[in-house]
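Computed over heavy atoms, backbone and side chain alike; hydrogens, waters and symmetry mates excluded. In this chain, numbering begins with 1 at the start of the sequence shown. Start at 1 and go down the list; that is how both ligands and their atoms are numbered.
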Amino acid sequence: MGIFLKKAGRNDFLILEKAADIGGTWRDNNYPGAACDVPSHMYSFSFEQNPDWSRFYSGQAEILAYMKGCANKYGLLPHFRGNSELLDARWDESEGRWHLATGDGQQYTARIVVSGIGGLSRPALPNVKGLDKFKGALFHSAQWNHDYDLAGKRVAVIGTGASAIQFVPQIAPQVDKLVLFQRTPPWLVPKPDGLINDGVKKLFRFIPASQRLFRASIYWQAEGFALGFVNPKLMVAIEKLARWHLARQVKDPELRAKLTPNYTIGCKRVLFSNNYYPALTRDNVDVIAAGVKEVRANSVVDANGVVHKVDAIICGTGFDVADPLGPLKIRGRDGLEVREKSQGMSAYLGTTLKDLPNLFMLLGPNTALGHNSIIFMIEQQIKYVIACLEEMDRRGAATIEVKPAAQDAYNDRIQAELQKMVWSEGGCKSWYIDENGRNFTIWPGFTWKYWMRMRSPDFRSFNFGKTA
Ligand code: NAP
């Protein structure tokens, strides 16, 4: 967002950041083996292609370095305020300004606020009886304790999602014993990863069109995957691949049975890994599919009552997606807090919200993906925000606010579509769906459709307020 503001000649902005440094996901998720399961040439900005990616699926350190490089190159650092967690945002109708208060005691006013807080920034520990009584080391994958030496320890891992399947193969050879608590097995397919040789890097550097072509081929292959989301019957081929992968890597029929999901592939995020299943076949790894009953001072008790003595518990248990705002209070035109008013999360195109003038969101409700690069979605949103700012200038408007009817009609439409898709039909329980069965996270299907919607905003969906 900062880069696009600068490109548009808008330099009067600040970037408030909760942590000391930039990097978000790729700063916090630095657990062993952290990498992106979207190919790097697609998981990068369209306007800042990097011919030097070392592999097809880059690791956390390389992605973080790329992001920091972009922030530096485009001159964002002078706009950056670290250790500035936004705690309160209040719209003042008479002034036509947002009043913002941050955790370090600073106050700001702004005409426009763009939220880039995302939905996966607040680690969630499992709600397990006795977890607070545990005497050993306890940490979450997104808050990895690098000072704790795992060598020779007995370690429990809770969770088998996208994060756990990356760190389990890394720590399994180090520890004395790894007890993996799996609640629901993920569907897993091979990861077509590998180092990129110098010849290819040179080609991408000297003929940038070749890299753009490669990026486009990744994009459209991923879009092909979305066919299965729209029509779950088409997932059969991917399911065959996943079953073949499991059968090839896990010979023990008992372990294989434990690792075989009983829901339609795609209902939860499909995971990519070549080393997860082999790690689980190691002699020092036990997969407990019974679930966690309770945690005691030095052990974890599974649902069958078996006590597993451990020195450490690592939680790969995901994020608090139901309450992404955390301590942040946002109060709009009527002074009421957003959280109190909203019955389930929804927005207009995942970007603007009714009753909240001059506020935009990046990665708001129903913009997450299970099949393609989220950077692509963010870029479409950013261009949309810039187009809205330009339209405000053109009209001489002080405010922009989505019409409630436009937001409601949009949500009714996408919710009707989502009801027929794999996340609702696939027979699983996932964090994509809220307690009322509403999918508040995922964009329904093809990202090119989102792209088309976002290319030119329909300004009839907005109320513009004149300058006072
Ligand atoms: P996640 O996908 O939400 O997985 C959490 C895991 O913890 C699940 O296996 C869940 O089981 C389990 N769990 C949660 N509470 C539990 C409890 N009380 N008892 C037992 N098990 C429990 O979290 P994540 O792996 O951190 O990934 C979060 C998201 O981050 C992903 O969906 C993805 O969007 C993103 N991510 C992306 C990448 C990438 O390469 N692009 C890598 C890592 C993460 P259930 O399945 O039964 O709920």
Side-chain angles (χ1 to χ4, degrees), residues 24-26 28-40 42-44 55-60 62-63 118-131 139-144 156-170 179-189 191 193 222 258-259 261-263 266-274 276 287-295 300-303 308 313-322 324 363 367-377 423 426-433 441-443:
T25 288
W26 300 104
D28 292 347
N29 290 273
N30 52 32
Y31 53 79
C36 188
D37 60 14
V38 176
S40 301
M42 191 61 217
Y43 194 88
S44 44
R55 45 191 323 126
F56 290 107
Y57 294 86
S58 299
Q60 170 264 341
E62 198 172 350
I63 300 170
L120 300 175
S121 66
R122 298 177 6 89
L125 288 177
N127 188 9
V128 172
K129 186 181 154 202
L131 193 67
F139 51 90
H140 187 276
S141 55
Q143 293 166 335
W144 196 270
V157 170
I158 304 179
T160 54
S163 302
I165 65 123
Q166 292 184 335
F167 70 75
V168 162
Q170 305 300 320
V179 190
L180 177 63
F181 289 89
Q182 169 192 275
R183 190 163 66 180
T184 316
W187 280 108
L188 205 91
V189 293
K191 189 172 184 179
D193 196 11
K258 276 188 201 171
L259 298 174
N262 64 356
Y263 54 87
C267 185
K268 282 170 169 300
R269 188 179 175 93
V270 180
L271 307 182
F272 294 79
S273 177
N274 302 328
Y276 176 64
V287 178
I288 309 296
V292 182
K293 185 174 159 214
E294 69 168 301
V295 172
V300 180
V301 185
D302 70 29
H308 304 266
I313 300 176
I314 305 176
C315 300
T317 41
F319 298 86
D320 192 355
V321 277
L363 282 189
T367 53
L369 301 177
H371 72 289
N372 211 330
S373 174
I374 203 66
I375 306 286
F376 178 82
M377 298 295 273
W423 305 286
C428 75
K429 191 169 177 301
S430 78
W431 59 261
Y432 298 152
I433 312 275
T441 50
I442 293 273
W443 168 252

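Look at Val38 and you'll find every heavy atom at least 4.0 Å from all atoms of ligand 1. Judged by the shortest distance from any of its heavy atoms, Phe181 lies outside the 4.0 Å radius around the atoms of ligand 1. Residue contacts with ligand 1 include Tyr31, since one of its heavy atoms falls under 4.0 Å from the ligand. Using a 4.0 Å cutoff on heavy atoms, Ala142 does not count as a contact of ligand 1.
Counting all heavy atoms, side chain and backbone alike, Tyr432 lies closest to Arg269 at OH-CB, 3.5 Å. Looking at every heavy atom in both residues, Asn29 comes nearest to Ala34 through O-CB, 3.3 Å. Of all non-hydrogen atoms in Lys191 and Cys36, the two that sit nearest each other are NZ-O, 4.0 Å.
Contacts with ligand 1 closer than 4.0 Å are made by side-chain heavy atoms of Gln166 only, the backbone lying farther away. Only the backbone of Ala35 comes within contact range of ligand 1, with a heavy atom under 4.0 Å; no side-chain atom does.
When Pro261, Ser163, Cys428, Pro186 are checked for heavy-atom proximity to atom 24 (P) of ligand 1, Ser163 turns out nearest. If you check each of Pro185, Ala164, Gly316, Gly33 against atom 7 (O) of ligand 1, the one with the closest non-hydrogen atom is Gly316. Nearest-heavy-atom check against atom 46 (O) of ligand 1 across Lys268, Lys191, Arg183 picks out Lys268. Closest to atom 45 (P) of ligand 1 by heavy atom, among Thr184, Thr441, Leu120, is Thr184.
Ranking the protein heavy atoms by distance from atom 20 (C) of ligand 1 puts Ile158 CG2, 3.6 Å first. Of all protein heavy atoms, the one lying nearest to atom 32 (O) of ligand 1 is Trp431 CZ2, 3.3 Å. Of the protein's heavy atoms, Gly161 CA, 3.6 Å lies nearest to atom 4 (O) of ligand 1. Atom 23 (O) of ligand 1 has Gly318 CA, 3.1 Å as its closest protein atom, hydrogens excluded (heavy atom only). With respect to atom 38 (C) of ligand 1, the closest heavy atom belonging to the protein is Ala162 CB, 4.1 Å. Closest protein heavy atom to atom 34 (O) of ligand 1: Arg269 NH1, 3.5 Å.
Within the listing of ligand 1, atoms 17 (C), 18 (N) sit less than 4.0 angstrom from a heavy atom of Pro126. Numbered from 1 in the order shown, with element, the atoms of ligand 1 that lie under 4.0 Å from a heavy atom of Cys36 read 40 (O), 41 (N). Here is the list of ligand 1 atoms found below 4.0 Å of a heavy atom in Asp37: 39 (C), 40 (O), 41 (N). Taking a cut-off of under 4.0 Å to the non-hydrogen atoms of Gly159, the atoms of ligand 1 that pass are 6 (C), 7 (O), 9 (O), 12 (C).
The closest side-chain heavy-atom distance from Gln60 to Trp26 is below 4.5 Å. The shortest distance between side-chain heavy atoms of Thr367 and Trp443 does not fall below 4.5 Å.
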Checklist entry - Please walk me through it: do Tyr263 and Thr184 pass side chain to side chain contact (heavy atoms under 4.5 Å, CB included)? => result CA-CA 10 Å; Tyr263 54 87; Thr184 316; 3.6 Å; yes

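Although no hydrogens or angles enter the test, the distance criterion places a donor-acceptor pair under 3.5 Å between the side chain of Thr317 and the main chain of Ala124. Between the Ser373 side chain and the Met42 main chain, a donor and an acceptor come within less than 3.5 Å of each other. Remark: side-chain polar atoms of Gln166 are paired, donor with acceptor, to backbone N or O of Ala35 under 3.5 angstrom. Judged by distance alone, with hydrogens and angles left aside, the side-chain atoms of Asp193 form a donor-acceptor pair with the main-chain N or O of Tyr57 at under 3.5 Å. Of the possible donor and acceptor atoms, none in the side chain of Ser58 sits under 3.5 Å from a partner among the backbone N and O of Ser40. Judged purely by atom type and a 3.5 angstrom limit, Lys268 has no side-chain atom pairing as donor or acceptor with the backbone of Cys428.
Residue Thr160 has at least one nitrogen or oxygen atom sitting less than 3.5 Å from a nitrogen or oxygen atom of ligand 1, judged on distance alone. Taking distance alone, with nitrogen or oxygen atoms compared against 3.5 Å, Val128 stays at or beyond that limit from ligand 1.
The aromatic rings of Tyr31 and Trp144 sit tilted, their planes meeting at an angle between 30° and 60°.
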